[in-house]
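To start, the structure under review is shown below, and the notes come after it.
Whatever order the structure lists them in is the order used to number ligands and atoms, beginning at 1.
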Amino acid sequence: MKQKVQQKSKFKKNWAVNIKSPIIAYSGIWKKKAQEALTKLKEKILLYYPQADFSLLDKAFEFSRNAHQGQLRRSGDPYILHPIGVAEVLAEMHLDMDSIVTGLLHDTVEDTLAKIEDIEKNFGPVVAKLVDGVTKISQMSFKNTHERQSENIRKMIVAMGRDIRVILVKLADRLHNMRTLSHMPLDKQVTIAQETLDIYAPLANRLGIGWAKVELEDLSLRYSKPEIYFNLANKVSKKRKEREKYIQDVIKILQTELSREGLTDAQVLGRPKHFYSIYKKMMESNIEYEQVYDVLAFRILVDTVVQCYGALGIIHNLWKPIPGRFKDFIAMPKANNYQSLHTTVMGPDGERIEIQIRTQEMQLVAERGIAAHWKYKEGGVDKQTEEKFQWLNQLIQTHQQLKDPSEFLESLKTDLFAGDVYVFTPKGDIMEFPFGATPLDFAYAVHTNVGNKTVGAKINGKIVPLKHKLKNGDTVEIITSANQKPTKDWLKLAHTSRARSKIRAFIKSEERGRAISLGKELVEKNFKKHELNFDFYAKGESLEKLLKELSLGEINDVFVKVSYGKLSPLRLIEILAPEKLKTDTKTSEEPESFLKKVFKSATQKTKNSRSAIKIHGLDDILVRFAKCCNPIPGDPIVGFITRGRGITVHLADCPKSHDKDMERRVDVEWSLNEDAARVARIKVVCVDEPGLLKKMSETFTGLGINIHQAQVRATKDHKAISQFEVNIKNITHLNRAIKALEAIKGVISVERVKF
Ligand code: MN
């Protein structure tokens, strides 16, 4: 094992630190620490799985400890304590032995010299597949963090499609890393916490694992906004004595009332809500902690659904319910199968308290989610559970079609944060949509063909425009016509990723159709020029040779590439009839210059924009900046080929760029050596006072910024909104201007107008 330690430089060491001497890493005290952790893990497993056989677990422990020998965590602990910690989280989720063994092994292939074949040989194909899935998720490396993050999630979803346990191990990995985050450098703490909040907490929520979601959220808050977290923790603990008495009082009243009405077995629990949800409430309503009334949450657990509604009646009879706060998730479960009744009432001291009522079974689902249905003996989920988590499959299917990682992340976020709008089909079936969905989303959820043919919708019997937002309880009926087809405008109306990707797919296939016929024309013309007949080559062996040489799937792919200037027709002749090129003296043209030729009419125009942008391997091509998003040097950007008009540069996060065909996308970057003057739009809101406009224009002049255009309008509440179009060098220059404007007394807000 010693010789392995020397070669570890190739492994990513985000969480691990290698040390020089493996002997130190294996000293007695650490060996003991690891053994103790293993014993604790086994105890946790025995709690829910008393007949567990630990032979595979012991073997995995030895294997992992040997493989990680010589590695330390940043805390200074031997690395093995991390895989054991992950396995422990998986045991807290009550998962099967294969998952827990995977937890122990999850970093061996990625961070040590162990091979996936070793895992398969020692632990069988199932564990090997799981470890491989987890490794694949984290092994990708990408250009920038934005891309890396989205690509990881994408892999995650795809891996999840193979076996849901892969994602549960990844989730456990993140949870344990969050629990030990204090040893990371501060800047990493913030990034990792934000990523956890963006992706992993919603994922835990979507999988229905309530406790993991709560823990991830609170840990994220602690590391991303420590001042807020500790301030909150301090305030919550200050009133603890008082509050505990209050909680006991409420529980007592509830229990007495419930048993008097015959619900003697009802269990009543009470506690403060978790920090992150209090924080969210403060942010949403823009209030201080002292103004958050329903900090306390009570839960009543009963045996049957009927008893749930019974208990609700008793409570509403006892304390006055707050209108609009009652939610029935029993009749309409959330997408993650969560079921419960929620109500907020005026408690004994006139304080607002939230009460959740559910059965013991619903409680199990709320806490363990998909894992609650796990049959660890058979190692899989039953048919019924699979159906319940059908949204997962749909998510995977939709997202596998998206090629662009950032487009993928955008739509994944929409889906993970899906709200709760429930509507009915004309037959009375319930369908769930994210908040903001329109009839078009409904139509595409029914069927792609229905979506593509939609001309209108009736809601509760009345005709509404397609931009109408669906509301809870609406009955939706779609009106279709055989002559209808989707347009780009529909992308503005559709909200769900499913509908949007179906609309994009339709538009792209139409665009592709046009590109095919144009490319074909170009190829045929060029062949004719060389006295060749393309039809003669477009079949049989020569076609096969051509596709193989170009690594393309079908002849239409060739035409599309030619049409977008990414492939020269001369290259086709070079492959199919090279002798024709040698004898023909007229063709001195290099195939690579074909792209330039495509843009011939569009080159040599504006020096200014051209010099600011570098395009992989090409000079002298006209670059235009998209008007919709107006990029400024320093912004993340992407380019799209527009035939005859050169390359259009969009902001990487411009919503319009997501609607473009990926075939046309090219990598572009800002030329670093010079700053080109660009126009930026800045919006300033200030109090309506004389002299402020003068101060603002002086600020611009002071920074050497030219004002192109200015518009000012006053609002009814005595504010002035000014919009400036100014010449700016780059993003740093712009940020300096924004800072300087913000510093002016009387200015309320300053923002860049991007889209
Ligand atoms: Mn790990």
Side-chain angles (χ1 to χ4, degrees), residues 8 10-19 25 30 33-34 37-38 41 57 60-61 63-93 95 98-116 118-119 123 127-141 148-149 151-153 155-156 159-160 163 165-185 188-189 191-193 195-196 199-201 203-204 209 212 215-216 219-220 223:
K8 274 179 195 146
K10 70 173 172 135
F11 303 114
K12 116 182 142 75
K13 290 189 225 51
N14 233 348
W15 307 96
V17 181
N18 291 317
I19 56 162
W30 285 349
K33 246 185 164 180
L38 180 69
L41 168 65
L57 188 85
F61 169 73
F63 185 96
S64 183
R65 194 178 55 178
N66 283 335
H68 288 296
Q69 192 181 341
Q71 286 180 326
L72 297 184
R73 289 283 279 177
R74 280 171 184 270
S75 59
D77 280 336
Y79 197 85
I80 182 70
L81 292 184
H82 166 63
I84 298 176
V86 173
E88 229 178 282
V89 175
L90 292 163
E92 283 164 29
M93 291 179 185
L95 285 191
D98 282 342
S99 307
I100 292 167
V101 165
T102 303
L104 281 176
L105 301 169
H106 81 276
D107 274 335
T108 55
V109 174
E110 192 189 353
D111 284 344
T112 80
L113 290 174
K115 295 235 165 27
I116 199 72
D118 304 333
I119 307 271
F123 304 100
V127 172
K129 236 177 82 185
L130 292 174
V131 173
D132 192 40
V134 180
T135 308
K136 286 214 172 95
I137 290 172
S138 31
Q139 234 176 16
M140 323 291 301
S141 75
R148 185 196 146 98
Q149 187 194 30
E151 186 63 27
N152 271 351
I153 307 279
K155 288 274 158 190
M156 221 150 87
M160 183 153 84
D163 193 322
R165 287 175 291 182
V166 169
I167 208 70
L168 294 171
V169 175
K170 194 68 203 161
L171 203 58
D173 182 33
R174 175 52 62 111
L175 187 55
H176 185 257
N177 282 333
M178 286 301 292
R179 284 176 182 173
T180 52
L181 197 62
S182 62
H183 303 288
M184 272 284 180
K188 281 224 165 141
Q189 288 183 359
T191 327
I192 292 164
E195 189 186 66
T196 304
I199 306 296
Y200 290 90
L203 204 55
I209 308 169
E215 194 178 340
L216 286 171
L219 285 167
S220 299
Y223 290 106

Examine all N, O or S atoms of [X], backbone included, and report whether one is under 2.8 Å from the Mn ion (ligand 1).
X	answer
Glu110	no
His82	yes
Asp173	yes

> Judged by modelled atom types alone, do His82 and Asp173 share a side-chain donor-acceptor pair under 3.5 Å?
Replying inline: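 There is such a pair (donor and acceptor under 3.5 Å, judged by atom type) between the side chains of His82 and Asp173.
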Do we see a donor-acceptor contact under 3.5 Å between the side chains of Thr102 and Arg165?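 Side-chain D/A pair, Thr102 to Arg165: absent.
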| task | Identify whether the distance between the nearest side-chain nitrogen and carboxylate oxygen of Lys129 and Asp132 falls below 4.0 Å. | result |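 No, this pair does not count.
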Restricting to N, O or S, what is the name of the atom of Asp107 that lies nearest the Mn ion (ligand 1)?
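Restricting Asp107 to its N, O and S atoms, the minimum distance to the Mn ion (ligand 1) goes to OD2.
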### Message
To the closest 0.5 Å, what do you measure between CZ (Arg179) and CG (Leu216)?
### Response
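One gets 9.0 Å once the value is rounded to the nearest 0.5 Å.
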